[in-house]
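For reference, the structure is listed below as structure tokens.
Just the heavy atoms: all of them, side chains too, but no hydrogens, waters or symmetry mates, feed the values below.
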Amino acid sequence: MAATQSAVDRLFAGLAFRFQHAFARTLRSPGRFAAQVDRQIPRYRDAEPAALLGALRYRLRRDGLTAPLLGECFALYSGALRAPLSRDVLAAARWLARGGIVELADPASRRHALALAALACALHGDNVHLLAASDAAAASLAASIAPLFLRLGIRVACVARDTAAAARREAYAAPVVCAAHRELALDYLREGIQAGRPGMLRTALERLSGTGSPAVLPRLQYALVEDADLVMLDDAQAPVVIAAQADQSRERLMYEQALELARALAADTDYTVEEGAIRLAEPAARLLERLVAPLGGIWSARSRREELITWALEALHFVERDADYRVENGRVVFPPPAEGTQEPGPDELELRKLVEVKEGCRLSSRPEVLARMSVPRFFGRYARVAGACADARGLEHDFWSVYALRTARAGERPAGLTPACRVFLTAAAKRAAVVEHVKAGAAVIAVRSRPEAQVLQAACQGEIIMLPVLQAPAGVQEGLELLVAELPLARRHIAQACRAYRASSCTLLLSLEDDAVGGRLGWIARLGAGPSGELSPRWSRWIAGGAQRAAERAQRLARQDLGARDRVLDDLLAVSGRGE
């Protein structure tokens with residue numbers, strides 16, 4: 001019955017989402033709600049805010065976030081701000097206070113809407129976390145709202161990567177906390193590791209009795225996300241991970257024993273080299289069997305024992321320092337694999353570890369994962385989630401399928417800058433075109449991958465940035481030309497970069513050699529290429545548009561699959577009774 005009821009609830013929720021997406025994307029009656037707020041502003045402007053704050057807080061906690069009480073909260077904010085707020089900002093804040101995603105074009109208006117919702121929820125008694133994409137964005141958000149909130153008697157704290165443990169604990173006790181979403185997720189995972197997380201009920205009972213460690217994080221009640229499209233969707237596929245170096249003492253002892261046994265063998269007597277392979281003689285094999293008898297363990301298996309000794313012989317006598325590898329700062333450095341060759345296999349990695357032990361260096365190893373959580377699963381730990389972004393066109397279904405959040409628009413959409421598309425046959429021709437653009441005037445080159453950034457940095461002296469871009473560096477001049485030299489993950493990333501750098505023009509430069517560019521009909525486009533290797537403008541727009549749609553579709557499917565996997569994992573954990 002419960003499963004049937006859950007399926008029925010999901011069906012009606014899906015129908016409600018489709019209806020809202022089709023007919024109610026724009027927030028309704030913003031003027032009527034703004035008039036209610038305006039009528040309340042003189043009451044809070046003329047009186048001392050602290051005098052009315054207690055009564056407002058009591059009514060909010062008694063009656064909840066009703067529309068009249070939200071209007072009073074927003075009037076309190078406007079009165080302390082000494083400046084009127086637009087009806088779009090008030091309508092967006094009302095939507096955020098109840099949970100959802102809102103589109104608002106102006107960055108300053110988005111921050112006012114987030115601050116209004118944070119104020120209402122903090123007075124309601126919720127722990128409010130204002131989450132941003134980076135430490136710098138979180139610090140900027142805290143600096144913009146902290147003075148006004150302090151006048152209203154509400155403390156705003158900021159948590160960054162370099163915040164000490166004691167200061168971090170004190171910051172999380174504040175009603176409103178600004179932080180990067182990954183930093184707060186890492187603290188959530190660290191707290192789970194310290195508590196052992198044998199079960200949420202047991203952990204809570206231990207803390208109530210005083211036997212458990214005190215919690216650093218309060219309950220995750222309300223998350224307000226700035227740039228929700230970047231934080232909640234673009235960053236969804238990169239998990240939050242806490243890792244540590246594994247104990248390598250046993251592994252190192254095994255390699256040391258292998259090297260000592262290999263040193264006891266003589267060339268041409270105990271082993272020979274035939275066609276590049278080391279072969280042990282039968283007397284040497286019997287000698288090794290007697291030597292390793294007291295050791296036991298892995299040395300009891302003949303095939304594994306002889307394989308280890310063979311690799312140890314190669315590490316001792318056939319791999320030379322400063323020829324096959326070099327030692328720098330206590331580490332063994334091997335040359336990188338040549339282009340087009342495969343990465344080292346398990347046998348090659350074992351040989352390298354034997355070389356590291358031979359040189360007395362520490363072993364290279366992958367860190368051991370202690371805790372891991374996806375971004376959607378972390379946001380699922382909050383009782384309510386809301387977010388704001390500039391443009392959510394095409395993302396409504398993603399927000400709904402991954403987070404069960406509806407999207408609404410407040411005000412007009414931002415005017416986008418349509419990029420000019422140029423597609424070349426080869427990557428070399430594309431990079432030459434980038435260099436020509438840079439020589440013609442000041443330009444910003446936007447790429448996603450680090451190798452492409454390094455190649456372009458060597459080719460020209462333009463500024464290389466990594467998409468997506470939220471904030472331009474200080475002192476950037478207006479009127480620059482934005483050159484997008486690699487296929488972005490979504491079209492809105494180009495718009496974000498244009499707004500951040502106040503670019504006067506934008507050009508998208510691609511090549512048929514780039515990943516996900518070309519397609520099945522790319523060979524037809526080659527026939528219409530000019531002498532410089534550039535396709536015609538019509539073919540360029542067609543190929544760039546098709547590649548862009550394919551990339552967005554792949555990202556959308558990956559996010560939906562990630563959301564489905566998280567739901568299955570939560571169901572399994574709920575049935576098994578295990579903590580996360």
Side-chain angles (χ1 to χ4, degrees), residues 21 228-238 374-376 389-403 407 413 416-431 433-434 445-453 455-456 465-469 482-498 506-529 533-565:
H21 176 60
D229 54 341
L230 175 68
V231 173
M232 301 176 70
L233 295 182
D234 291 347
D235 204 29
Q237 298 180 54
S374 68
V375 172
C389 60
D391 191 357
R393 279 176 290 186
L395 303 177
E396 300 91 349
H397 190 268
D398 288 351
F399 279 118
W400 174 255
S401 62
V402 179
Y403 297 100
T407 307
R413 284 198 174 102
L417 186 63
T418 303
C421 298
R422 298 180 63 186
V423 180
F424 299 85
L425 293 179
T426 64
K430 179 192 73 173
R431 291 165 185 153
V434 171
I445 308 171
V447 295
R448 284 192 299 112
S449 62
R450 193 170 300 278
E452 186 69 16
V455 172
L456 289 174
I465 60 176
M466 304 291 286
L467 282 177
V469 180
L482 178 67
L483 305 177
V484 183
E486 202 170 19
L487 185 70
L489 293 178
R491 287 171 290 183
R492 56 193 167 81
H493 294 152
I494 298 179
Q496 285 177 345
C498 289
C506 178
T507 305
L508 176 62
L509 296 100
L510 303 173
S511 75
L512 296 182
E513 295 179 349
D514 294 344
D515 293 338
V517 179
R520 292 179 297 173
L521 300 180
W523 63 274
I524 301 179
R526 296 174 183 271
L527 302 177
E534 182 177 359
L535 304 185
S536 64
R538 182 177 179 181
W539 276 110
S540 296
R541 287 193 301 270
W542 183 82
I543 290 178
Q548 188 67 72
R549 289 189 295 272
E552 293 179 5
R553 191 182 310 114
Q555 291 293 316
R556 187 178 304 114
L557 292 175
R559 287 192 290 263
Q560 293 173 5
D561 180 67
L562 179 65
R565 289 173 182 268

Which distance, rounded to the nearest 0.5 Å, do you find between the [atom1] of [X] and the [atom2] of [Y]?
X      : Y      : atom1 : atom2 : answer
Arg538 : Cys421 : CZ    : SG    : 14.5 Å
Lys430 : Glu486 : NZ    : CD    : 6.0 Å
Leu395 : Glu552 : CG    : CD    : 8.0 Å
Leu509 : Leu487 : CG    : CG    : 12.0 Å

Can you find a heavy atom in the side chain of [X] that is under 4.5 Å from one in the side chain of [Y]?
X      : Y      : value
Ile494 : Cys506 : yes
Ile543 : Leu512 : yes
Glu452 : Ile445 : no
Arg559 : Asp234 : yes
Leu535 : Leu425 : yes

Please report the shortest heavy-atom distance between [X] and [Y], naming the atom on each side.
X      : Y      : value
Ser511 : Thr426 : CB-O, 3.4 Å
Gln237 : Ala558 : OE1-CB, 3.5 Å
Cys389 : Ala228 : CB-N, 4.0 Å
Leu456 : Val434 : CD2-CG1, 4.2 Å

Quiz item: Which class fits the ring pair Phe399 and Tyr403: parallel under 30°, tilted 30 to 60°, perpendicular over 60°?
Solution: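 Phe399 vs Tyr403 ring planes: tilted.
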
Exercise. For the pair Gln555 (side chain) and Arg553 (backbone), establish whether a donor and an acceptor sit closer than 3.5 Å, ignoring hydrogens and angles.
Key: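 No: the side chain of Gln555 does not pair with the backbone of Arg553.
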
Self-check item: Backbone of Ala427 reached by a side-chain donor or acceptor of Glu513 within 3.5 Å
Solution: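 Yes, because the side chain of Glu513 sits within donor-acceptor range (under 3.5 Å) of the backbone of Ala427.
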
